[in-house]
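Read the structure below first, then the notes.
Order of appearance sets the numbers: ligands from 1, and atoms from 1 within every ligand.
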Amino acid sequence: MKSRTLVFKSGDKDFEAGLSRAADIIREGGTVAFPTETVYGLGADALKADAVHKIFKAKGRPADNPLIVHIANADQCSELAEAISADAIKLMETFWPGPLTLILKAKDIVPDVTTGGLNTVGLRMPDNPVALELIRRSDTPIAAPSANTSGSPSPTTADHVFHDLDGKIDAILDGGATDIGLESTVVDMTSDIPTVLRPGQITAEDIRKCVGDVRIGYADRTLEEDEIARSPGMKYTHYSPKTKVILIEGQIKDVHKAMTEIVYDCHKEGERVGIFVTDETAKVVNADETYSLGKRNMPSQAARSIFMGLRHLDDKEIDLIIVDGTLEKEGIGAAVFNRLRKAADRIINV
Ligand code: AMP
Ligand code: MG
C-alpha cells in the first residue's frame with residue numbers, strides 16, 4: 001500500500017519542526033529527501049543496513065551501486081574511514097563543505113549495503129544549511145544518492161523528488177531549487193594518484209592545483225558489460241528521459257544545419273520535436289518545444305538547467321529531444337557534457 005510522504009517547505013512556519021521530525025525519521029530508520037548544493041539526496045542512516053535498503057528499494061537502484069555518505073563534521077570522517085592520506089585531508093580542508101566526494105578506505109562500521117560490498121566508502125560534507133542541520137540533528141552520517149528513480153534525470157527541485165518518489169519515502173525537505181544542479185565530483189583517494197571517477201563543478205584542474213597530480217578515470221558514456229568499472233555507477237544508464245534524445249556536437253554552423261534538417265525530417269513524418277539549446281542557437285533553430293541551456297559561454301547555467309530541462313521536455317507530447325552541443329566545454333562544461341552524453345541515445349558529430 002502507498003503510504004503518505006510528508007513534505008516540509010523551507011520558509012513555512014512549521015519548517016523548524018519539520019526538520020526535527022525529519023531527523024527523528026532518520027534516527028528511527030526511515031528515509032528523507034533533502035536539498036544539497038548539487039542535487040536533492042535521498043537519505044537514510046548510513047550505519048543501519050535496514051534503513052539503507054529502503055533507499056535502494058525506493059529508487060530501484062542496483063544493489064552493487066554504492067551510496068555517498070554525507071557528514072557534517074571531521075569526527076564523522078574518522079568514524080567511517082581509515083588510512084586517510086595527507087592529500088585527502090588537504091582536499092577536505094580546501095573543498096569541504098562542498099561538491100567533492102572522496103573515496104576512502106572504509107572502516108568495518110560501514111555496512112556492506114552502503115558501500116555496495118566494496119571496501120571503500122565515498123564521503124562528502126555538503127554545503128547546504130538544511131542538509132547539514134539534518135545530519136547534525138539526526139546525529140549520524142546520512143547515506144544519500146540522488147533522490148530520483150534510478151536511471152532518470154537527477155532531481156534539482158523538491159517537485160522532481162515528489163514526482164519520482166511520492167508514497168515511496170517518508171519525507172521531503174523542500175529547500176528550493178539546488179544551486180549547482182549537477183552531482184558532486186567523485187575522486188578516488190585510495191589509488192596511488194587521485195583519480196576523478198565522476199566530473200563535477202570542482203574540476204580535475206582544481207584538484208591538480210591542490211594536490212599536484214590527478215588522473216581521469218571516467219568515460220562520457222555508459223560502460224559495456226565486459227569493461228571494468230572503477231565506480232559501479234559507470235555501468236548503469238543515467239539521466240535518461242523516456243523520450244529519445246539526440247546530442248549534436250561540432251562547429252556551431254554545422255550543428256545548427258543538422259538540427260534544422262532533423263526537425264524538418266521529423267515534421268515530414270508528423271513527429272513533434274523539442275530542442276534543448278543555448279540562447280544563441282534558439283535564435284536560429286526552431287522546433288515545437290524549446291528549453292534554454294543558457295548562454296553558450298556560461299556552462300554553469302546549463303548545469304543548473306540540464307536535469308530540469310530534460311524533465312520538462314520529457315513531459316511534453318514530443319517524439320524527440322535534440323540537444324545542442326555548441327555549449328562551451330570549459331570548467332563545469334566538462335561535467336555538463338558528461339551528463340548530456342550519457343543521457344543521449346545517440347550522439348551525432350558533424
Ligand atoms: P549518486 O549518489 O546517485 O550521485 O551516485 C553516487 C556515485 O558515486 C555513483 O556513481 C557511485 O558508483 C559512486 N560511488 C559511491 N561510492 C563509491 C565507492 N566507494 N567507490 C567508487 N564509486 C563510488
Ligand atoms: Mg544518481
Note to self: If I apply the N/O under 3.5 Å rule, does Val186 come out as touching ligand 1?
What the structure shows: no
Checklist entry - Between Arg272 and Glu289, is there a salt bridge with N-O shorter than 4.0 Å? => result yes
Residues passing the side-chain contact (heavy atoms from CB on, under 4.5 Å) test with Glu183, sequence neighbours excluded, are Val39, Ser154, Arg198, Tyr239, Phe307, Arg339
Handout entry: Ile68 to ligand 1, any heavy atom closer than 4.0 Å
Key = yes
- Would you kindly say whether Thr140 and Ser138 are connected by a side-chain donor-acceptor distance under 3.5 Å? no
- prompt: Is the centre of the Tyr291 ring less than 6.0 Å from the centre of the Phe276 ring?
  reply: yes
query: Ion pair present between Glu271 and Lys244, side-chain N to carboxylate O less than 4.0 angstrom?
result: no
Closest to atom 15 (C) of ligand 1 (heavy atoms only, candidates Pro66, Pro62, Gly122) is Pro66
Among non-hydrogen protein atoms, atom 10 (O) of ligand 1 lies closest to Gly233 CA, 3.5 Å
On a heavy-atom basis, the closest approach of Thr114 and Ala46 is OG1-O, 2.9 Å
Side-chain donor-acceptor contact under 3.5 Å, Ser85 with Asp87 = no
For Asn65, the atoms of ligand 1 under 4.0 Å from one of its heavy atoms are 9 (C), 11 (C), 12 (O)
re atom 2 (O) of ligand 1, the protein heavy-atom contact at minimum distance is Pro145 CA, 2.9 Å
Atom 5 (O) of ligand 1 has as its nearest protein heavy atom Arg61 NH2, 3.3 Å
> Can you tell me if Asp159 and Thr157 form a side-chain donor-acceptor pair at under 3.5 Å?
Replying inline: no
| Residues Asp314, Lys242: salt bridge by 4.0 Å N-O rule | yes
Taken by chain and residue number, the protein N/O/S atoms under 2.8 Å from the Mg ion (ligand 2) read Ser146 OG
Review point. Short N/O distance, under 3.5 Å, between Ser146 and ligand 1?
Key: yes
Taking 4.0 angstrom as the limit, do Lys105 and Glu82 come out as a salt bridge? yes
If we number the atoms of ligand 1 from 1 as shown, the ones under 4.0 Å from a heavy atom of Thr120 are 18 (C), 19 (N), 20 (N)
The protein heavy atom nearest to atom 18 (C) of ligand 1 is Ile103 CD1, 3.5 Å
Basic-acidic side-chain contact under 4.0 Å: Lys90, Glu93: no
In ligand 1, the atoms that come under 4.0 Å of a heavy atom of Arg198 are 1 (P), 4 (O), 5 (O), 6 (C), 7 (C)
Atoms of ligand 1 under 4.0 Å from any heavy atom of Leu118, numbered from 1 in the order shown, are 18 (C), 19 (N), 20 (N)
Closest to atom 22 (N) of ligand 1 among protein heavy atoms sits Ser231 OG, 2.9 Å
A side-chain contact here means heavy atoms from C-beta on lying under 4.5 Å apart; do Thr243 and Ile318 qualify? yes
